[in-house]
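One structure is given here, and the rest of the page talks about it.
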Amino acid sequence: MHPYDEVEWERRDVVMTNWRDGSVNFEQRGVEFPAEWAVNAVNIVTSKYFRGAVGTRSAR
C-alpha cells in the first residue's frame, strides 16, 4: 500500500478575492488536498504552487 492511500483526500475549490472590491485574484477549482487541512493552508499552497492560465493544462 502507498502512504498516500492512508490519507483521506477531498476536492476543494479555491477562490481568493480582493477584500477591497470583491474581485477574484486567484481561482483554482477541484484541487485535491488532505481532508484535515485548514482552508488557509489550502489557499496558501494552491496560490503558491498551482500556476498557469485558467482553462489550460498548465493550470491543473
Side-chain angles (χ1 to χ4, degrees):
M1 176 169 15
H2 194 281
Y4 288 168
D5 294 336
E6 296 182 22
V7 176
E8 180 184 344
W9 299 90
E10 69 181 19
R11 292 191 182 271
R12 298 187 188 180
D13 294 335
V14 178
V15 180
M16 290 184 266
T17 57
N18 182 321
W19 62 272
R20 290 183 218 172
D21 62 10
S23 63
V24 174
N25 289 336
F26 180 87
E27 178 177 346
Q28 184 74 45
R29 300 204 177 262
V31 182
E32 194 170 27
F33 277 99
E36 64 185 36
W37 278 31
V39 170
N40 195 41
V42 170
N43 288 349
I44 291 168
V45 170
T46 304
S47 65
K48 179 95 173 151
Y49 296 106
F50 288 66
R51 300 176 186 199
V54 174
T56 66
R57 280 185 75 77
S58 62
R60 292 182 184 189

**Message:** Suppose we screen for side-chain contact (heavy atoms from CB on, under 4.5 Å). Which residues come up paired with D21, at least two apart in sequence or across chains?
**Reply:**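 So D21 forms a side-chain contact (heavy atoms from CB on, under 4.5 Å) with N18, S23.
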
**Request:** Applying side-chain contact (heavy atoms from CB on, under 4.5 Å), name anything that partners E8, two or more places apart in sequence or on another chain.
**Result:**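 Result, side-chain contact (heavy atoms from CB on, under 4.5 Å) vs E8: A35.
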
**Message:** If you compare all heavy atoms of F26 against all heavy atoms of S47, which two are closest, and at what distance to 0.1 Å?
**Reply:**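 Shortest heavy-atom contact: CZ-CA, 3.9 Å.
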
**Request:** Identify the heavy atoms of N25 and T17 that sit nearest to each other, and give their distance.
**Result:**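 That would be ND2-C, 3.7 Å.
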
**Rounded distance [0.5 Å steps], CZ in R12 versus CD in E32** =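 One gets 11.0 Å once the value is rounded to the nearest 0.5 Å.
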
**Message:** How long is the straight-line distance from CD of E10 back to CD of E36, given to the nearest 0.5 Å?
**Reply:**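 E36 atom CD to E10 atom CD measures 10.0 Å (nearest 0.5 Å).
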
Is [Y] reachable from [X] through a run of I, L, V, M, F, W or Y residues, each pair having side-chain heavy atoms under 4.5 Å apart?
{"X": "V31", "Y": "V7", "value": "no"}
{"X": "W37", "Y": "Y4", "value": "no"}
{"X": "I44", "Y": "Y49", "value": "no"}

**Message:** Treating T46 as the side-chain partner and N43 as the backbone partner, does any N or O pair qualify as donor plus acceptor under 3.5 Å?
**Reply:**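 Answer holds: no.
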
**Item:** Other ILVMFWY residues reachable from V39 by side-chain steps of under 4.5 Å
**Value:**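 Other cluster members: none.
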
**Request:** Would you mind reporting whether R29 and V15 have side-chain heavy atoms less than 4.5 Å apart?
**Result:**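 Yes, close enough: below the 4.5 Å cut-off.
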
